[in-house]
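First the structure, in the form of structure tokens, and then the observations on it.
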Amino acid sequence: MENQTVLPEFILLGLSSDSHLQIFLFLVFLIIYSVTLLGNGAILLVIRVEATLQTPMFFFLSHLAFVDICYSSVTVPKMLENMVGVNKTISREGCITQIFFFLQAGCAEVFILSATAYDRYVAICDPLHYTTTMTKNICRQLVGGAWAMGFLYAVVNVIPLANLDVCQNNTINHYSCELPSVLALSCTPTLINHIVLLISVLIFGFGSFLLTLVSYIYIISTILKISSAEGRKKAFSTCSSHLIVVGLFYIAAFFRYVKPSSPSHMDLDKVVSIQYSILTPMLNPIIYSLKNKDIKMALGKMFGKGQFLK
């Protein structure tokens with residue numbers, strides 16, 4: 001350490017070193033990012049202006065759309081810049097900043113998903129008290145708590161990075177500064193960083209997952225008690241899209257942050273990371289708009305497209 005120079009920046013290798021493939025990937029991810037912005041922006045707009053969508057469920061959905069825009073915007077613009085630019089570096093400060101906002105947005109998303117699950121639990125399992133339980137103030141507190149949890153999760157993982165030094169290899173075999181990839185380059189001990197990461201994932205990740213899981217255990221139990229098949233179908237349709245989103249996000253995120261980093265698994269890590277940090281924010285509005293009749297009707301009314309109503 002005495003004769004080594006601490007490197008002030010990182011090199012992001014991205015998804016491929018082939019220049020022709022990079023142009024193709026640039027176009028693909030530019031389209032994905034555009035769809036993410038347009039889709040989530042449309043969800044935000046239609047929920048804000050449509051009077052029939054001023055309910056707790058759509059309140060949480062609007063915040064999910066907003067956090068998806070933030071989540072995708074943390075990494076994709078820099079990735080697109082590196083695909084077409086000659087300089088594929090990111091400063092140490094920029095890398096840590098990217099990690100902070102990535103962790104904050106990701107953690108906020110899982111807790112908003114938990115809040116949405118709780119909303120569906122109250123609506124299906126205790127419908128008579130829904131309006132008195134899910135008040136505007138409670139909804140705001142749940143969303144505020146989600147962002148607060150995200151901030152706390154990011155802080156406890158970023159603060160230990162202050163003592164992290166990269167001395168020889170500053171090349172990140174990834175398209176963004178993800179915490180596991182940066183820790184793998186350290187020339188100083190990272191045991192504390194890994195312990196903090198593991199404990200925080202268990203507390204924040206599994207904590208929010210258990211809240212969601214318990215809510216859906218009660219929801220499914222209540223749905224199965226409905227006598228008519230039509231009633232069960234209608235009740236399940238209100239939460240099936242949420243289950244899809246939860247499954248897509250949790251499985252990939254837990255795989256990426258809980259398993260040990262390995263050079264032999266870098267390509268798999270990139271694919272998994274793309275799934276939960278780039279594809280999921282794009283798919284969320286598509287899933288919700290396709291599965292939710294109210295959203296389709298509101299979009300049809302706003303944009304005058306009769307096919308939305310079909």
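What you see below is based on every heavy atom in this structure, not just the backbone, and it leaves out hydrogens, waters and symmetry mates. The model shown is predicted, which means the values in this text are computed figures rather than measured ones.
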Checklist line | Student check: side-chain heavy atoms of Leu61 and Ile43 closer than 4.5 Å | finding: yes
Notebook entry, point to check: Got a donor-acceptor contact below 3.5 angstrom from the Ser215 side chain to the Leu211 backbone?
Noted result: yes
Notebook entry, point to check: So, for His174 and Ser273, which heavy atoms are closest and what is the spacing to 0.1 Å?
Noted result: CE1-OG, 3.5 Å
Note to self: Are Leu64 and Glu109 packed together at the side-chain level, in the sense that at least one heavy-atom pair is separated by less than 4.5 angstrom?
What the structure shows: yes
Note to self: Would a single hydrophobic cluster contain both Phe29 and Leu21, if residues Ile, Leu, Val, Met, Phe, Trp and Tyr are joined by side-chain heavy-atom contacts under 4.5 Å?
What the structure shows: yes
Margin query: Could you measure the distance from the CG atom of Asn284 to the OG1 atom of Thr280? Nearest 0.5 Å is fine.
Written below: 6.5 Å
Item checked: Flag side-chain contact, heavy atom, 4.5 Å: Phe10 against Ser181 -> no
Note to self: In the structure I gave you, are the side-chain heavy atoms of Asp119 and Tyr130 within less than 4.5 Å of one another anywhere?
What the structure shows: yes
Note to self: Ignoring hydrogens, what is the shortest heavy-atom contact between Ala65 and Leu44? Give both atom names and the distance.
What the structure shows: CB-CG, 4.1 Å
Margin query: Apply side chain to side chain donor-acceptor pair (under 3.5 Å) to residues Tyr121 and Asp126 and explain how you reach the verdict.
Written below: CA-CA 7 Å; Tyr121 158 76; Asp126 193 16; over 6 Å; no
Check: Strictly by modelled atom types, are Thr133 and His129 linked by a side-chain donor-acceptor pair under 3.5 Å?
Finding: no
Next item on the list: Taking all heavy atoms of Ile47 and all of Ser62, pick out the closest pair and write down the distance.
Entry: CD1-N, 3.8 Å
Check: For the hydrophobic clusters of this structure (ILVMFWY residues joined by side-chain heavy atoms under 4.5 Å, transitively), does one cluster hold both Phe102 and Val271?
Finding: no
Check: Any side-chain heavy-atom pair from Val143 and Phe60 closer than 4.5 angstrom?
Finding: yes
Next item on the list: Find out if a path of hydrophobic residues (ILVMFWY) with successive side-chain heavy-atom gaps under 4.5 Å connects Phe24 to Leu15.
Entry: yes
Check: Just wondering, more than 12 heavy atoms not from Phe101 lying within 6.0 Å of its CZ?
Finding: no
Note to self: What's the separation between atom OG1 in Thr212 and atom CZ in Phe111, rounded to the nearest 0.5 Å?
What the structure shows: 9.0 Å
Item checked: Between CZ on residue Phe204 and SG on residue Cys107, distance to nearest 0.5 Å -> 5.5 Å
Next item on the list: Check for a donor-acceptor pair, side chain of Asn40 on one end and backbone N or O of Thr36 on the other, with a separation under 3.5 Å.
Entry: yes
Next item on the list: Heavy atoms only: give me the nearest Phe58-Thr55 pair and the separation to one decimal.
Entry: CD1-OG1, 3.0 Å
Next item on the list: Taking the side chain as every heavy atom from C-beta outward, state whether Val158 and Gln104 have any pair of such atoms under 4.5 Å apart.
Entry: no
Note to self: Tell me if a side-chain donor or acceptor on Thr135 pairs with a main-chain N or O of Thr132 at a distance below 3.5 Å.
What the structure shows: no
Item checked: Same cluster (ILVMFWY, side-chain, under 4.5 Å), Phe206 and Tyr118 -> yes
Notebook entry, point to check: Just how far is it from atom CD1 of Ile112 to atom OG1 of Thr116, taken to the nearest 0.5 Å?
Noted result: 7.5 Å
Notebook entry, point to check: Given the side-chain rings of Phe59 and His63, with only the six-membered ring counted for Trp, is the space between their centroids under 6.0 Å?
Noted result: yes
Notebook entry, point to check: Taking all non-hydrogen atoms of both residues, which atom of Leu185 and which atom of Asn170 are closest, and how far apart?
Noted result: CD1-C, 4.0 Å
Margin query: Which heavy atom of Arg92 sits nearest to which heavy atom of Leu161, and what is that distance?
Written below: NH2-O, 3.3 Å
Identify every side-chain donor-acceptor pair in residues 70-86 under 3.5 Å, counting partners at least two apart or on other chains, and give the distances.
unit_1	atom_1	unit_2	atom_2	d
Ser73	OG	Tyr33	OH	2.8
Ser73	OG	Ile69	O	2.7
Lys78	NZ	Thr89	O	3.1

Next item on the list: Is it possible for you to say whether Ile23 and Ile32 belong to one hydrophobic cluster, with membership spreading through side-chain heavy-atom contacts below 4.5 Å?
Entry: no
Margin query: Within a 6.0 Å radius of atom CD1 on Ile192, are there more than 12 heavy atoms belonging to other residues, nucleotides or ligands?
Written below: no
Notebook entry, point to check: Is a donor on one side and an acceptor on the other found under 3.5 Å between the side chain of Ser91 and the backbone of Gly94?
Noted result: yes
Next item on the list: Hey, could you give me the CG/CG distance between Leu191 and Leu183, rounded to the nearest 0.5 Å?
Entry: 11.0 Å
Checklist line | Expected output: side-chain Ser114 to main-chain Val110 donor-acceptor under 3.5 Å | finding: yes
Note to self: For the CG atom of Leu283 and the CD1 atom of Ile278, what is their distance to the nearest 0.5 Å?
What the structure shows: 11.5 Å
Next item on the list: Find out whether Gln98 and Ser176 are in side-chain contact, i.e. whether some heavy atom of one side chain is under 4.5 Å from a heavy atom of the other.
Entry: yes
Note to self: Do Leu113 and Ser208 have side chains that approach each other closer than 4.5 Å (heavy atoms only, starting at C-beta)?
What the structure shows: no
